[in-house]
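For reference, the structure discussed in these notes is given below.
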Amino acid sequence: MSNIDASGGAGNSRVPSNADLVFRFGLIFGALIIGVVLSLYMASQGTDFVMQVHGTIFFLAAMAALIAVAVRYGKFFADPSKANNGDERGYNLSVVKAGVIMATFWGVVGFLVGVVIAAQLTFPELNLDLPWTTFGRLRPLHTSAVIFAFGGTVLMTTSFYVVQRTCHARLFGDILPWFVFWGYQLFIVIAATGYVLGATQGKEYAEPEWYADIWLTIVWVGYLLVFLGTLWKRKEPHIYVANWFYLAFIVTVAVLHIINNLSVPVTLTGTQSYSLFAGVQGALTQWWYGHNAVGFFLTAGFLGIMYYFIPKRADRPVYSYRLSIVHFWSLIFIYIWAGPHHLHYTALPQWAQTLGMTFSIMLWMPSWGGAINGFMTLSGAWDKLRTDPVLRMMVVSVAFYAMSTFEGPVMSIREVNALSHYTDWTIGHVHSGTLGWVGFVSFGALYCLVPWLWGKTKLYSDKLVEVHFWIATVGIVLYITSMWVAGIMQGLMWRAYTDLGFLQYSFIETVEAMHVSYLIRLLGGILFLIGAIVMAYNLWMTARGPQNAETPYRAIPAAAE
């Protein structure tokens with residue numbers, strides 16, 4: 001591929017006729033009317049309070065969409081030429097701007113809830129003895145907020161931007177990208193309110209109930225159509241590697257979500273449902289889903305960000321385009337088989353446990369191949385790390401990616417897993433990946449996007465980026481080291497026996513021993529949250545700042561081999 005970025009525009013499609021606009025409007029309006037009727041039925045006939053609340057939320061969302069569509073198509077009927085116009089060289093960047101705003105918002109919210117539950121684990125009285133504020137309900141809220149609300153919105157936003165720029169084509173569809181974006185935000189609200197109100201399937205990373213899962217499936221199919229449609233009408237003959245990773249993330253997450261969430265609702269007007277899988281089959285399906293949610297949502301998708309934004313920011317070609325393709329195919333083939341390592345010492349047949357462990361160890365090769373490709377992209381541009389804190393943040397994220405993908409295979413080994421599993425060592429491992437890899441590469445992408453999208457020459461303050469970088473880095477180090485220490489100590493105390501063969505320590509003694517580590521973890525989380533707030537302020541001031549300029553897009557080579 002000759003260019004990582006478009007130097008020209010996307011162009012405009014033909015002006016639609018009034019008949020085309022009437023057909024489009026009728027189709028969308030009819031779908032929204034069905035949504036209004038179904039949501040009213042949910043709200044009025046719901047057999048439990050959560051269903052009634054969610055029916056009301058769906059109804060309000062459908063009514064808001066009806067009004068927005070009517071206003072939008074009213075403008076189109078007045079001037080049909082506006083139906084296919086884009087902003088900035090014909091691209092649809094309005095939905096990308098909305099994504100940047102919501103991703104920043106969800107990031108701060110998710111980190112805040114994380115600090116709250118870290119405080120609850122340290123000082124249990126902060127649970128407040130209220131059902132809505134207990135750790136058991138806020139913990140899945142935090143997990144979904146940072147992974148799906150923040151991380152998912154970042155992925156959706158950057159993929160919409162990158163696929164347009166690298167394909168030289170406007171996003172497929174007019175209303176469809178907006179439906180995907182706001183439909184996903186609606187799913188987040190439904191999931192979050194369900195957790196607080198006590199509605200959950202009890203599956204890690206898959207807690208929303210059956211009707212929320214159906215809604216997400218509809219939205220995700222729309223997402224796939226937008227992405228594939230944009231690739232289909234591309235003007236660039238080759239598909240840049242970042243789009244390969246985005247597409248693998250979209251397709252695989254769809255398959256994982258549908259299969260793992262196959263369930264039978266007790267009634268169509270109630271929240272409760274029963275999974276199609278049970279026993280060890282249910283456990284295997286869940287961790288096939290759970291580990292590959294990490295593999296394709298938190299790894300493949302964010303590698304798409306790495307492969308676009310690091311070369312773009314460094315103004316350098318990807319070190320090896322050939323290595324990126326090897327990285328892609330080996331990663332997606334191996335990752336899909338690694339889930340059983342979550343089920344060591346369970347009823348799962350040992351051959352399946354061993355298979356998962358073996359493929360987890362094999363993941364070292366493609367993971368580090370990708371990390372090397374990211375690092376070596378800076379060949380000839382290492383001096384920029386001294387002057388560009390955004391680039392430094394993204395490169396450090398690759399370092400955390402390399403570290404996490406070394407630690408994960410080690411923890412998958414059966415003998416190591418006997419010590420680490422169910423302890424806070426796992427929590428430290430997960431957060432080294434999510435805060436260091438996912439968090440930093442997402443922050444870097446947001447810092448890049450805001451000046452580009454709002455036409456600014458630079459960020460409001462590079463010094464504030466420096467502050468964010470160092471505060472967040474110290475926070476991550478405090479968090480993961482405290483959890484490593486707590487987890488290993490926890491595992492050793494659990495397996496300590498007296499000379500008579502009794503457990504040497506009671507459960508409460510292990511909790512007391514970890515109190516200092518929990519305090520340090522809380523401090524690390526607070527620092528990371530402060531860094532995110534600093535970023536939000538910096539992005540806000542950048543967007544509303546006075547400086548305006550032509551967005552500094554430069555076409556650069558995609559590979560140098």
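Computed from heavy atoms alone, side chains included, the values below leave out hydrogens, waters and symmetry copies.
Between Y401 and H327, the ring-plane angle classifies as tilted under the 30° and 60° cut-offs. Taking the six-membered ring where tryptophan is involved, the planes of F249 and W220 are perpendicular, since the angle between them exceeds 60° and thus also 30°.
Annotation: side chain of F333 is in contact with side chain of F359 (closest heavy-atom distance under 4.5 Å). Two residues are said to be in side-chain contact when any heavy atoms from C-beta on lie closer than 4.5 Å; Q120 and V116 meet this criterion. Inter-residue side-chain proximity for T166 and Y308 is flagged as met; some heavy-atom pair is nearer than 4.5 Å. A heavy-atom distance below 4.5 Å is not found between the side chains of F440 and L435. Side-chain contact between L216 and P208: absent, with no pair of heavy atoms (C-beta onward) separated by less than 4.5 Å. Here the side chains of L256 and W288 are in contact, with some heavy-atom distance below 4.5 Å. Counting heavy atoms from C-beta on, the side chains of Q286 and F277 never come closer than 4.5 Å. Between F528 and Y479 the shortest side-chain heavy-atom distance does not fall below 4.5 Å.
When all heavy atoms are compared, the tightest approach of T377 to P317 is CG2-O, 3.3 Å. A103 and L446 get closest at one heavy-atom pair: CB-CD2, 4.4 Å. The shortest heavy-atom contact between G99 and T153 is O-CG2, 3.5 Å. Among all heavy-atom pairs drawn from M51 and T271, the shortest one is N-CG2, 3.7 Å. Nearest heavy-atom pair, A402 versus A371, reported as atom, atom and distance to 0.1 Å: CB-CB, 4.0 Å. Of all the heavy atoms in C167 and L231, the pair that sits closest is SG-CD2, 3.5 Å.
Of the options F302, W106, F111, a ring-ring contact (aromatic ring centres under 6.0 Å, His included) to F150 is made by F111 and by none of the others. The only option from Y246, F160, Y184 that meets the ring-ring contact (aromatic ring centres under 6.0 Å, His included) definition with Y223 turns out to be F160. With F245 as reference, F328 is the one residue of F328, F297, F296 to meet the ring-ring contact (aromatic ring centres under 6.0 Å, His included) rule.
Under a cut-off of 6.0 angstrom, the local environment of CH2 in W329 is sparse, with at most 12 non-hydrogen atoms contributed by other residues, nucleotides or ligands. Residue Y505 qualifies as open at atom OH: its count of foreign heavy atoms under 6.0 Å is 12 or below. Around OH of Y345, the count of heavy atoms belonging to other residues, nucleotides or ligands within 6.0 Å exceeds 12.
Using a distance-only test at 3.5 Å, with no hydrogens or angles considered, no donor-acceptor pair links the side chain of W494 to the main chain of T510. Side-chain atoms of H421 do not come within 3.5 Å of backbone N or O of N417 as any donor-acceptor pair. Of the possible polar contacts, none joining the W287 side chain to the H341 backbone as a donor-acceptor pair under 3.5 Å is found. The backbone N or O of F502 sits less than 3.5 Å from a side-chain atom of T498, completing a donor-acceptor pair. Checked by atom type and distance alone, the side chain of T133 pairs as donor or acceptor with a backbone atom of N127 at under 3.5 Å. Between the side chain of N373 and the main chain of S320, a donor-acceptor pair closer than 3.5 Å is present. In this structure a side-chain-to-backbone donor-acceptor pair under 3.5 Å is present from H344 to S412. Side chain of W215 to main chain of G183: a donor-acceptor pair is present (N/O by atom type, distance under 3.5 Å, no hydrogens or angles). A donor-acceptor pair under 3.5 Å links the side-chain atoms of S397 to the main chain of M394, judged by distance alone. The closest donor-acceptor contact from the side chain of D48 to the backbone of G270 lies at 3.5 Å or more, if one exists at all.
To the nearest 0.5 Å, atoms CH2 (W132) and CG (L197) are separated by 9.0 Å. Here the OG-CE distance, from S330 to M362, works out to 9.0 Å after rounding to the nearest 0.5 Å. Taking OG of S482 as the start and CG of L523 as the end, the distance is 9.0 Å to the nearest 0.5 Å. Distance check: Q353 CD to R414 CZ gives 5.0 Å after rounding to the nearest 0.5 Å. To the nearest 0.5 Å, atoms NE2 (H342) and NE2 (H291) are separated by 5.0 Å. To the nearest 0.5 angstrom, I413 atom CD1 is 11.0 Å from M411 atom CE.
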Could you give me the CA-CA distance, side-chain angles and deciding distance for I259 and Y289, then say whether side chain to side chain contact (heavy atoms under 4.5 Å, CB included) is met?
CA-CA 8 Å; I259 295 177; Y289 164 88; over 6 Å; no

Show your working on side chain to side chain contact (heavy atoms under 4.5 Å, CB included) between L228 and L247 and close with a plain yes or no.
CA-CA 8 Å; L228 285 176; L247 187 58; 3.8 Å; yes

Pair Q201, D213 - check side chain to side chain donor-acceptor pair (under 3.5 Å), show working.
CA-CA 11 Å; Q201 291 188 102; D213 291 332; 3.1 Å; yes

Steps toward side chain to side chain contact (heavy atoms under 4.5 Å, CB included) verdict (T405, T299)
CA-CA 10 Å; T405 52; T299 302; 5.7 Å; no

Dump the intermediate steps for side chain to side chain donor-acceptor pair (under 3.5 Å) on T200 and R137, then the final yes or no.
CA-CA 9 Å; T200 172; R137 293 195 183 183; over 6 Å; no

Give the intermediate values and the outcome of side chain to side chain contact (heavy atoms under 4.5 Å, CB included) for residues I325 and R322.
CA-CA 5 Å; I325 298 301; R322 184 177 293 111; 6.0 Å; no

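Between the side chains of Y518 and D424, at least one donor N or O lies within less than 3.5 Å of an accepting N or O. Side-chain contact, Y447 with H468: a donor N or O sits under 3.5 Å from an acceptor N or O.
Ring centroid separation for the pair Y307 and Y240 does not come in under the 6.0 Å cut-off.
In this structure, the side chain to side chain contact (heavy atoms under 4.5 Å, CB included) partners of F123, at least two apart in sequence or on a different chain, are E125, L126, H515, L519, L522.
Counting only residues at least two apart or on different chains, the salt bridge (Lys or Arg N to Asp or Glu O under 4.0 Å) pairs with a member in residues 191-210 are R139-E204.
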